[in-house]
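First up is the structure itself, then whatever we jot down about it.
From a predicted model like this one, the values you see are computed outputs, not experimental measurements.
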Amino acid sequence: MIQLFGAVFIIGAAYILGVSIQKKMVTGEKVVGELEVFFSDLRTAIGYNCASIPTQIVRCADKEYLENLTFLNGLTESSFRDQTLSEVLDERFARWEFAPSISKDERSLVRTVFAQLGRRNVDSEIAQLDYARDQMKQFREKRRVMNEKRKGFYEAVFTLAGIAVAILLL
């Protein structure tokens with residue numbers, strides 16, 4: 001009886017592990033989509049407003065639909081007084097809990113954009129944000145296609161692995 005209980009526990013744990021991996025992949029797709037929207041909003045704000053870039057970032061970050069971009073939460077214009085814009089954003093981004101759910105290329109793009117914000121003229125800023133938005137759109141589309149292909153894959157593989165381990169232990 002204990003062996004049967006252990007087998008069920010192993011299979012259940014393996015299934016839950018598969019579900020968590022799939023959830024991380026879906027979360028990554030959502031986060032990349034939110035970064036795409038943020039870059040688009042920031043590009044529009046910089047293009048049509050005369051306010052400073054830190055002010056525009058604070059305004060763009062204060063959107064409900066950017067729920068996973070928590071590294072932007074609590075930003076105020078005073079956040080940028082003791083450090084440069086790129087230092088503040090890079091430091092917050094490095095501690096962001098969702099950073100592991102996006103790829104190295106995606107993180108690199110975000111860090112590059114943050115490092116260059118406020119250091120060039122408006123036209124260059126707009127071009128950089130257009131490029132970043134387009135890249136994020138491509139990354140998101142690749143993730144969407146991959147997630148569709150792998151839908152249910154991790155649950156099935158980990159459940160089968162759990163069954164195999166349970167059989168070996170019985």
Could you tell me the separation between the [atom1] atom of [X] and the [atom2] atom of [Y], rounded to the nearest 0.5 Å?
X	Y	atom1	atom2	answer
Ile16	Thr159	CD1	OG1	9.5 Å
Ser103	Glu106	OG	CD	3.0 Å
Asp90	Arg95	CG	CZ	10.5 Å
Leu42	Leu35	CG	CG	11.5 Å
Glu125	Arg43	CD	CZ	12.0 Å

State, without any angle test, whether Thr70 and Glu97 hold a side-chain donor-acceptor pair at a distance under 3.5 Å.
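Present: a donor and an acceptor within the cut-off.
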Side chains of Ser124 and Asn121: any donor to acceptor distance under 3.5 Å?
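Yes, Ser124 and Asn121 have a side-chain donor paired with an acceptor closer than 3.5 Å.
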Using every non-hydrogen atom in the two residues, find where [X] and [Y] come nearest and quote the distance to one decimal.
X	Y	value
Leu89	Leu117	CD1-CD1, 4.1 Å
Arg92	Asn73	NH1-O, 2.8 Å
Ile126	Gly47	CD1-CA, 3.6 Å
Gln128	Val113	NE2-CG2, 3.4 Å
Ser101	Thr27	OG-CG2, 4.4 Å
Ile102	Arg143	CA-NH2, 3.3 Å

Set of residues satisfying side chain to side chain donor-acceptor pair (under 3.5 Å) with respect to Glu148, sequence neighbours excluded:
none
Check whether any side-chain N or O of [X] sits under 3.5 Å from a backbone N or O of [Y] as a donor-acceptor pair, and report yes or no.
X	Y	result
Gln56	Ile46	no
Glu141	Gln138	no
Thr44	Ser40	yes

Intermediate values then yes/no, side chain to side chain contact (heavy atoms under 4.5 Å, CB included), Val110 and Arg107:
CA-CA 5 Å; Val110 172; Arg107 283 192 302 270; 5.8 Å; no
Is Phe9 linked to Ile163 within one hydrophobic cluster, defined over Ile, Leu, Val, Met, Phe, Trp and Tyr using a side-chain heavy-atom separation of less than 4.5 Å?
no
Is it true that Val145 and Phe139 fall in one hydrophobic cluster, defined by side-chain heavy atoms closer than 4.5 Å?
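No, no single cluster joins them.
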Excluding sequence neighbours, so at least two apart, what forms ring-ring contact (aromatic ring centres under 6.0 Å, His included) with Phe71?
Phe93, Trp96, Phe114
Pair Val58, Leu72 - check side chain to side chain contact (heavy atoms under 4.5 Å, CB included), show working.
CA-CA 8 Å; Val58 169; Leu72 297 171; over 6 Å; no
With a sphere of 6.0 Å drawn around NZ of Lys63, does it hold more than 12 non-hydrogen atoms of other residues, nucleotides or ligands?
yes
Pair Glu67, Lys30 - check salt bridge (Lys or Arg N to Asp or Glu O under 4.0 Å), show working.
CA-CA 10 Å; Glu67 64 184 80; Lys30 187 175 180 183; 3.4 Å; yes
Salt-bridge criterion met for Glu36 and Arg133 (N-O under 4.0 Å):
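So Glu36 does not pair with Arg133 through a salt bridge.
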Thr112 and Tyr131: CA distance, side-chain angles, deciding distance, side chain to side chain contact (heavy atoms under 4.5 Å, CB included) verdict
CA-CA 11 Å; Thr112 300; Tyr131 173 77; over 6 Å; no
Flag side-chain contact, heavy atom, 4.5 Å: [X] against [Y]:
X	Y	result
Gln116	Arg120	yes
Ile57	Phe38	yes
Glu34	Val31	no

